[in-house]
Number of protein chains: 2
Amino acid sequence: MARANVIQKYRDKGLKLTPQRIAILDFLDGNTDHPSAEEIFSGIKQTNPTISFATVYNTIQALRERGELVEVTIDPERKHYDPNPEPHHHLICSKCGKIGDVFEDFTDALKLPQELLGKFSVTSNHVNFYGACINCSKGN
Amino acid sequence: MARANVIQKYRDKGLKLTPQRIAILDFLDGNTDHPSAEEIFSGIKQTNPTISFATVYNTIQALRERGELVEVTIDPERKHYDPNPEPHHHLICSKCGKIGDVFEDFTDALKLPQELLGKFSVTSNHVNFYGACINCSKGN
DNA sequence: CCGAAGTTTGGAATGATTTTTAATTTAAAA
DNA sequence: TTTTAAATTAAAAATCATTCCAAACTTCGG
(Lines give C-alpha, C1' and ligand atoms only; values in the text may rest on other atoms or scores of the structure.)
Protein backbone atom coordinates (compact mmCIF):
# COMPACT_ATOMS: atom_id res chain seq x y z
CA MET A 1 0.00 0.00 0.00
CA ALA A 2 1.26 3.44 -0.86
CA ARG A 3 2.46 5.45 2.06
CA ALA A 4 -0.14 8.17 1.68
CA ASN A 5 -2.87 5.55 1.68
CA VAL A 6 -1.49 3.90 4.78
CA ILE A 7 -1.56 7.25 6.52
CA GLN A 8 -5.11 7.90 5.36
CA LYS A 9 -6.17 4.48 6.53
CA TYR A 10 -5.02 5.10 10.07
CA ARG A 11 -6.35 8.62 10.16
CA ASP A 12 -9.71 7.13 9.26
CA LYS A 13 -9.40 4.80 12.21
CA GLY A 14 -9.12 7.72 14.56
CA LEU A 15 -5.39 7.62 15.06
CA LYS A 16 -3.76 10.97 15.31
CA LEU A 17 -0.73 10.62 13.15
CA THR A 18 2.45 12.00 14.59
CA PRO A 19 5.84 11.66 12.92
CA GLN A 20 6.75 8.93 15.38
CA ARG A 21 3.65 6.95 14.60
CA ILE A 22 4.24 7.31 10.91
CA ALA A 23 7.74 6.00 11.43
CA ILE A 24 6.36 3.01 13.32
CA LEU A 25 3.76 2.38 10.63
CA ASP A 26 6.42 2.58 7.98
CA PHE A 27 8.59 0.19 9.91
CA LEU A 28 5.78 -2.31 10.33
CA ASP A 29 4.28 -2.06 6.87
CA GLY A 30 5.06 -5.32 5.11
CA ASN A 31 7.42 -6.40 7.87
CA THR A 32 7.44 -10.18 8.27
CA ASP A 33 10.10 -10.33 10.97
CA HIS A 34 7.70 -10.44 13.91
CA PRO A 35 9.63 -7.78 15.78
CA SER A 36 9.56 -7.29 19.53
CA ALA A 37 8.81 -3.88 21.02
CA GLU A 38 12.52 -3.39 21.49
CA GLU A 39 13.18 -4.22 17.85
CA ILE A 40 10.54 -1.76 16.72
CA PHE A 41 12.10 0.84 18.97
CA SER A 42 15.59 0.20 17.61
CA GLY A 43 14.37 0.21 14.03
CA ILE A 44 12.68 3.57 14.48
CA LYS A 45 15.45 5.09 16.53
CA GLN A 46 17.73 5.42 13.51
CA THR A 47 15.46 7.87 11.77
CA ASN A 48 13.80 9.21 14.88
CA PRO A 49 16.47 9.44 17.55
CA THR A 50 14.31 11.00 20.23
CA ILE A 51 11.54 8.44 20.24
CA SER A 52 10.77 6.83 23.58
CA PHE A 53 9.67 3.36 24.54
CA ALA A 54 6.40 4.73 25.86
CA THR A 55 5.55 5.94 22.38
CA VAL A 56 6.32 2.55 20.91
CA TYR A 57 4.18 0.77 23.49
CA ASN A 58 1.38 3.32 23.15
CA THR A 59 1.32 2.87 19.42
CA ILE A 60 1.44 -0.90 19.67
CA GLN A 61 -1.60 -0.76 21.89
CA ALA A 62 -3.45 1.66 19.61
CA LEU A 63 -2.79 -0.58 16.62
CA ARG A 64 -3.81 -3.68 18.50
CA GLU A 65 -7.08 -2.08 19.54
CA ARG A 66 -7.76 -1.36 15.90
CA GLY A 67 -6.95 -4.89 14.82
CA GLU A 68 -3.97 -3.81 12.77
CA LEU A 69 -1.33 -5.54 14.84
CA VAL A 70 -1.36 -8.94 16.47
CA GLU A 71 0.53 -9.97 19.55
CA VAL A 72 2.48 -13.16 18.91
CA THR A 73 3.06 -15.35 21.97
CA ILE A 74 5.81 -17.68 20.86
CA ASP A 75 8.93 -16.43 22.53
CA PRO A 76 8.70 -16.97 26.28
CA GLU A 77 11.02 -14.05 26.91
CA ARG A 78 9.16 -11.26 25.20
CA LYS A 79 6.14 -10.39 23.11
CA HIS A 80 6.45 -10.13 19.36
CA TYR A 81 4.18 -8.31 16.96
CA ASP A 82 2.80 -9.17 13.58
CA PRO A 83 1.37 -6.45 11.33
CA ASN A 84 -0.53 -9.04 9.35
CA PRO A 85 -3.90 -9.53 11.06
CA GLU A 86 -4.95 -12.25 8.66
CA PRO A 87 -5.08 -15.61 10.50
CA HIS A 88 -2.01 -17.66 9.81
CA HIS A 89 0.46 -20.00 11.47
CA HIS A 90 4.12 -19.80 12.38
CA LEU A 91 7.44 -21.50 11.81
CA ILE A 92 9.89 -21.17 14.67
CA CYS A 93 13.52 -21.98 14.10
CA SER A 94 14.68 -23.71 17.25
CA LYS A 95 18.23 -22.62 16.57
CA CYS A 96 18.11 -18.94 15.63
CA GLY A 97 14.63 -18.12 16.91
CA LYS A 98 13.48 -16.63 13.63
CA ILE A 99 9.71 -16.67 13.14
CA GLY A 100 8.22 -17.29 9.70
CA ASP A 101 4.67 -17.33 8.39
CA VAL A 102 2.52 -20.16 7.06
CA PHE A 103 -0.56 -19.15 5.14
CA GLU A 104 -2.70 -22.20 5.04
CA ASP A 105 -5.94 -23.08 6.72
CA PHE A 106 -5.70 -26.33 8.66
CA THR A 107 -9.10 -25.97 10.32
CA ASP A 108 -10.67 -28.93 8.57
CA ALA A 109 -7.91 -31.21 9.80
CA LEU A 110 -7.89 -29.90 13.33
CA LYS A 111 -10.92 -31.59 14.79
CA LEU A 112 -11.01 -32.19 18.51
CA PRO A 113 -11.18 -35.80 19.64
CA GLN A 114 -14.64 -37.10 20.39
CA GLU A 115 -14.37 -36.85 24.16
CA LEU A 116 -13.66 -33.13 24.05
CA LEU A 117 -16.36 -32.12 21.59
CA GLY A 118 -18.89 -31.27 24.26
CA LYS A 119 -16.37 -29.70 26.58
CA PHE A 120 -14.84 -26.96 24.53
CA SER A 121 -16.13 -24.88 21.67
CA VAL A 122 -13.34 -23.94 19.30
CA THR A 123 -13.40 -20.61 17.52
CA SER A 124 -9.91 -20.54 16.07
CA ASN A 125 -6.69 -22.45 15.95
CA HIS A 126 -3.04 -21.64 15.64
CA VAL A 127 -0.22 -23.98 14.71
CA ASN A 128 3.43 -23.55 15.59
CA PHE A 129 5.89 -25.54 13.54
CA TYR A 130 9.23 -26.04 15.25
CA GLY A 131 12.35 -27.00 13.38
CA ALA A 132 15.23 -25.48 11.48
CA CYS A 133 15.15 -22.63 8.99
CA ILE A 134 17.12 -23.08 5.81
CA ASN A 135 19.88 -20.91 7.12
CA CYS A 136 20.38 -22.99 10.24
CA SER A 137 19.98 -26.29 8.39
CA LYS A 138 23.07 -25.55 6.35
CA GLY A 139 26.47 -24.68 7.68
CA ASN A 140 25.22 -22.10 10.10
CA MET B 1 2.79 -43.45 40.48
CA ALA B 2 3.22 -44.13 44.19
CA ARG B 3 4.94 -41.40 46.09
CA ALA B 4 7.92 -43.54 47.09
CA ASN B 5 8.45 -44.44 43.46
CA VAL B 6 8.28 -40.82 42.40
CA ILE B 7 10.94 -39.99 44.93
CA GLN B 8 13.13 -42.85 43.75
CA LYS B 9 12.65 -41.77 40.16
CA TYR B 10 14.02 -38.31 40.79
CA ARG B 11 16.79 -39.52 43.03
CA ASP B 12 17.89 -41.72 40.14
CA LYS B 13 17.97 -38.65 37.96
CA GLY B 14 20.49 -37.03 40.22
CA LEU B 15 18.10 -34.73 42.02
CA LYS B 16 18.76 -34.32 45.69
CA LEU B 17 15.42 -34.59 47.29
CA THR B 18 14.72 -31.92 49.82
CA PRO B 19 11.35 -31.48 51.50
CA GLN B 20 10.71 -28.47 49.28
CA ARG B 21 11.34 -30.44 46.13
CA ILE B 22 9.15 -33.26 47.30
CA ALA B 23 6.37 -30.77 47.96
CA ILE B 24 6.77 -29.38 44.44
CA LEU B 25 6.79 -32.87 42.93
CA ASP B 26 3.69 -33.77 44.89
CA PHE B 27 2.00 -30.61 43.72
CA LEU B 28 2.85 -31.25 40.09
CA ASP B 29 2.19 -34.98 40.00
CA GLY B 30 -0.90 -35.48 37.89
CA ASN B 31 -1.63 -31.76 37.81
CA THR B 32 -3.33 -30.74 34.55
CA ASP B 33 -3.83 -27.07 35.45
CA HIS B 34 -0.69 -25.81 33.70
CA PRO B 35 0.30 -23.72 36.70
CA SER B 36 2.55 -20.70 36.59
CA ALA B 37 5.57 -20.41 38.89
CA GLU B 38 3.51 -18.22 41.17
CA GLU B 39 0.74 -20.82 41.31
CA ILE B 40 3.24 -23.54 42.16
CA PHE B 41 4.70 -21.30 44.85
CA SER B 42 1.26 -20.58 46.35
CA GLY B 43 0.26 -24.21 46.23
CA ILE B 44 3.41 -25.26 48.10
CA LYS B 45 3.45 -22.36 50.52
CA GLN B 46 0.57 -23.71 52.57
CA THR B 47 2.48 -26.77 53.67
CA ASN B 48 5.91 -25.24 53.35
CA PRO B 49 5.70 -21.67 54.58
CA THR B 50 9.38 -20.78 54.29
CA ILE B 51 9.79 -21.79 50.65
CA SER B 52 11.16 -19.06 48.42
CA PHE B 53 10.55 -18.25 44.79
CA ALA B 54 14.16 -19.01 44.03
CA THR B 55 13.59 -22.61 45.09
CA VAL B 56 10.52 -22.89 42.92
CA TYR B 57 12.38 -21.52 39.93
CA ASN B 58 15.43 -23.68 40.66
CA THR B 59 13.30 -26.79 40.81
CA ILE B 60 11.41 -25.87 37.67
CA GLN B 61 14.74 -25.60 35.88
CA ALA B 62 16.04 -28.88 37.30
CA LEU B 63 12.90 -30.66 36.19
CA ARG B 64 13.00 -29.07 32.78
CA GLU B 65 16.61 -30.15 32.29
CA ARG B 66 15.54 -33.70 33.05
CA GLY B 67 12.61 -33.57 30.65
CA GLU B 68 10.06 -33.93 33.42
CA LEU B 69 8.46 -30.52 33.04
CA VAL B 70 7.61 -28.54 29.93
CA GLU B 71 7.40 -24.80 29.64
CA VAL B 72 4.12 -23.75 28.03
CA THR B 73 4.27 -20.48 26.11
CA ILE B 74 0.64 -19.54 25.70
CA ASP B 75 0.02 -16.77 28.18
CA PRO B 76 1.90 -13.62 27.17
CA GLU B 77 2.09 -12.49 30.79
CA ARG B 78 3.83 -15.41 32.39
CA LYS B 79 5.22 -18.85 31.77
CA HIS B 80 3.16 -21.90 32.61
CA TYR B 81 4.40 -25.41 33.27
CA ASP B 82 3.12 -28.82 32.29
CA PRO B 83 4.31 -31.92 34.15
CA ASN B 84 3.25 -34.07 31.22
CA PRO B 85 6.22 -34.25 28.83
CA GLU B 86 4.32 -36.30 26.28
CA PRO B 87 3.73 -34.18 23.15
CA HIS B 88 0.22 -32.82 23.07
CA HIS B 89 -1.78 -29.74 22.18
CA HIS B 90 -3.73 -27.16 24.12
CA LEU B 91 -7.17 -25.66 24.48
CA ILE B 92 -7.17 -22.07 25.67
CA CYS B 93 -10.39 -20.55 26.95
CA SER B 94 -10.41 -16.98 25.70
CA LYS B 95 -12.65 -15.98 28.56
CA CYS B 96 -11.20 -17.50 31.72
CA GLY B 97 -7.75 -18.34 30.45
CA LYS B 98 -7.92 -21.96 31.51
CA ILE B 99 -5.62 -24.28 29.58
CA GLY B 100 -6.71 -27.82 28.71
CA ASP B 101 -4.97 -30.71 26.99
CA VAL B 102 -5.59 -32.39 23.65
CA PHE B 103 -3.96 -35.75 23.16
CA GLU B 104 -4.07 -36.35 19.47
CA ASP B 105 -1.38 -36.37 16.84
CA PHE B 106 -2.15 -34.01 13.95
CA THR B 107 1.22 -34.38 12.31
CA ASP B 108 -0.07 -36.10 9.19
CA ALA B 109 -2.48 -33.27 8.54
CA LEU B 110 -0.03 -30.49 9.23
CA LYS B 111 1.99 -30.45 6.03
CA LEU B 112 3.69 -27.26 5.03
CA PRO B 113 2.56 -25.72 1.76
CA GLN B 114 4.69 -26.56 -1.25
CA GLU B 115 6.59 -23.28 -1.35
CA LEU B 116 7.92 -23.72 2.17
CA LEU B 117 9.01 -27.33 1.91
CA GLY B 118 12.58 -26.51 0.96
CA LYS B 119 12.84 -23.58 3.32
CA PHE B 120 12.11 -25.06 6.68
CA SER B 121 12.55 -28.52 8.11
CA VAL B 122 9.87 -29.28 10.66
CA THR B 123 10.66 -31.45 13.66
CA SER B 124 7.54 -30.93 15.73
CA ASN B 125 4.28 -29.07 15.83
CA HIS B 126 2.01 -27.67 18.45
CA VAL B 127 -1.61 -26.61 18.04
CA ASN B 128 -3.45 -24.10 20.20
CA PHE B 129 -7.21 -24.20 20.04
CA TYR B 130 -8.87 -20.99 21.15
CA GLY B 131 -12.50 -20.81 22.17
CA ALA B 132 -14.71 -21.24 25.21
CA CYS B 133 -14.52 -23.91 27.87
CA ILE B 134 -17.78 -25.53 28.91
CA ASN B 135 -17.91 -23.43 32.03
CA CYS B 136 -17.64 -20.16 30.14
CA SER B 137 -20.01 -21.31 27.38
CA LYS B 138 -22.85 -21.60 29.85
CA GLY B 139 -24.09 -18.98 32.25
CA ASN B 140 -20.71 -17.93 33.43
C1' DC C 1 28.53 -39.41 61.64
C1' DC C 2 31.55 -36.43 58.12
C1' DG C 3 32.24 -33.72 54.48
C1' DA C 4 31.79 -32.35 49.70
C1' DA C 5 28.59 -30.99 46.72
C1' DG C 6 24.40 -29.41 45.92
C1' DT C 7 20.29 -26.56 47.96
C1' DT C 8 17.61 -23.09 50.25
C1' DT C 9 16.77 -18.55 51.51
C1' DG C 10 15.59 -13.57 51.48
C1' DG C 11 16.72 -9.87 49.39
C1' DA C 12 18.72 -7.42 45.76
C1' DA C 13 19.09 -7.13 40.76
C1' DT C 14 17.36 -7.47 36.09
C1' DG C 15 14.56 -6.89 32.12
C1' DA C 16 10.27 -6.25 29.81
C1' DT C 17 6.39 -3.57 30.03
C1' DT C 18 3.23 -0.07 31.94
C1' DT C 19 2.06 4.07 34.17
C1' DT C 20 2.69 8.76 35.47
C1' DT C 21 3.72 13.44 34.77
C1' DA C 22 4.08 17.81 32.94
C1' DA C 23 4.75 19.89 28.74
C1' DT C 24 3.83 19.80 23.84
C1' DT C 25 1.24 18.87 19.77
C1' DT C 26 -2.70 17.61 17.22
C1' DA C 27 -7.36 17.62 14.78
C1' DA C 28 -11.06 20.02 13.73
C1' DA C 29 -14.35 23.64 14.38
C1' DA C 30 -15.09 28.60 14.24
C1' DT D 1 -5.54 30.91 10.82
C1' DT D 2 -6.73 30.67 15.81
C1' DT D 3 -8.60 28.26 19.52
C1' DT D 4 -9.22 24.51 22.45
C1' DA D 5 -10.18 20.07 24.12
C1' DA D 6 -8.19 15.91 23.65
C1' DA D 7 -4.33 13.23 22.42
C1' DT D 8 0.59 12.58 22.44
C1' DT D 9 5.27 12.97 23.94
C1' DA D 10 9.81 12.05 26.69
C1' DA D 11 11.66 10.88 30.75
C1' DA D 12 11.36 8.86 34.87
C1' DA D 13 9.32 6.01 38.15
C1' DA D 14 6.53 1.93 39.04
C1' DT D 15 5.36 -2.91 38.32
C1' DC D 16 5.66 -7.64 37.63
C1' DA D 17 7.90 -11.92 36.47
C1' DT D 18 12.09 -13.92 36.77
C1' DT D 19 17.01 -14.42 37.96
C1' DC D 20 21.06 -13.75 40.69
C1' DC D 21 23.66 -13.75 45.00
C1' DA D 22 26.19 -14.87 49.17
C1' DA D 23 25.60 -17.05 53.37
C1' DA D 24 23.61 -20.74 55.97
C1' DC D 25 21.91 -25.30 55.59
C1' DT D 26 20.89 -30.37 53.77
C1' DT D 27 21.50 -34.47 51.54
C1' DC D 28 23.66 -38.65 50.89
C1' DG D 29 27.68 -41.56 49.82
C1' DG D 30 31.40 -43.38 52.29
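In the text below, chain A, chain B and the rest are named by the order of the sequence lines, each starting its count at 1. None of these values were measured; they are calculated from a predicted model. Atoms considered below: every heavy atom in the structure, side chains included; atoms not considered: hydrogens, waters and symmetry mates.
- One can place CD of A:Gln8 at 11 Å from P of C:dA27, the figure rounded to the nearest angstrom.
- Over its length, the helix from C:dC1-D:dG30 to C:dA30-D:dT1 turns its helix axis by 30°, as judged from the five terminal pairs at each end, rounded to 10°.
- In this structure, B:Thr18 does not reach the C:dG6 phosphate: none of its side-chain N or O atoms is under 4.0 Å from OP1 or OP2.
- For B:Gln20, the listed nucleotide lying nearest its side chain is C:dT8; candidates were D:dT18, C:dT8, D:dC28.
- The CG atom of B:Leu17 sits 15 Å away from the C1' atom of C:dA5 (whole-angstrom rounding).
- In this structure, A:Glu38 reaches neither bases nor backbone, as no heavy-atom distance under 4.0 Å exists between it and the strands shown.
- When atom types are taken as modelled, the side chain of A:His126 and the backbone of A:Ser124 share no donor-acceptor pair closer than 3.5 angstrom.
- The 12-atom threshold is not exceeded at NZ of B:Lys119, counting heavy atoms of other residues, nucleotides or ligands nearer than 6.0 Å.
- Annotation for A:Leu28 and A:Pro35: closest pair CD2-CG, 4.1 Å, computed over non-hydrogen atoms.
- Phosphate contact (OP1/OP2 of D:dT19, side-chain N/O of B:Lys79, threshold under 4.0 Å): present.
- Taking 4.0 angstrom as the limit, A:Arg78 places none of its side-chain polar atoms (N or O) nearer than this to OP1 or OP2 of C:dG15.
- For B:Lys16 and C:dA5, a side-chain-to-base donor-acceptor distance below 3.5 Å is present, hydrogens and geometry of angles not being considered.
- Where B:Pro19 and B:Tyr81 meet DNA chain D, the nucleotide closest to each residue was compared, and B:Tyr81 sits on the side nearer the 5' end.
- Distance check: A:Asp26 CG to A:Thr47 OG1 gives 8.5 Å after rounding to the nearest 0.5 Å.
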- Item | Worked check of side chain to side chain donor-acceptor pair (under 3.5 Å) between B:Asp101 and B:His34 | CA-CA 9 Å; B:Asp101 293 313; B:His34 308 81; 2.8 Å; yes
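- Between the P atom of C:dT7 and the CG atom of B:Leu15 lies a distance of 7 Å, rounded to the nearest Å.
- Sequence order on DNA chain D of the closest nucleotides to A:Arg21 and B:Ser36 puts A:Arg21 first from the 5' end.
- Counting non-hydrogen atoms of other residues, nucleotides and ligands closer than 6.0 Å to NZ of B:Lys13 gives a total above 12.
- Taking a 4.0 Å limit (strictly below) on heavy-atom distances, residues 42-75 of chain B reaches DNA chain C at B:Thr50, B:Ile51, B:Ser52, B:Ala54, B:Thr55, B:Asn58.
- Around the CD atom of B:Gln61, the shell of radius 6.0 Å holds no more than 12 heavy atoms that belong to other residues, nucleotides or ligands.
- Between the CD atom of A:Glu77 and the P atom of C:dT17 there is a distance of 10 Å, given to the nearest Å.
- A salt bridge links B:Lys79 and A:Glu77; the closest N-O separation between the charged side-chain nitrogens and carboxylate oxygens is under 4.0 Å.
- Counted within 6.0 Å of CD on B:Gln114, heavy atoms from surrounding residues, nucleotides or ligands total 12 or fewer; the atom is thus considered open.
- Summarising the geometry, the separation between CZ on B:Phe41 and C1' on D:dT18 is reported as 13 Å, rounded to the nearest angstrom.
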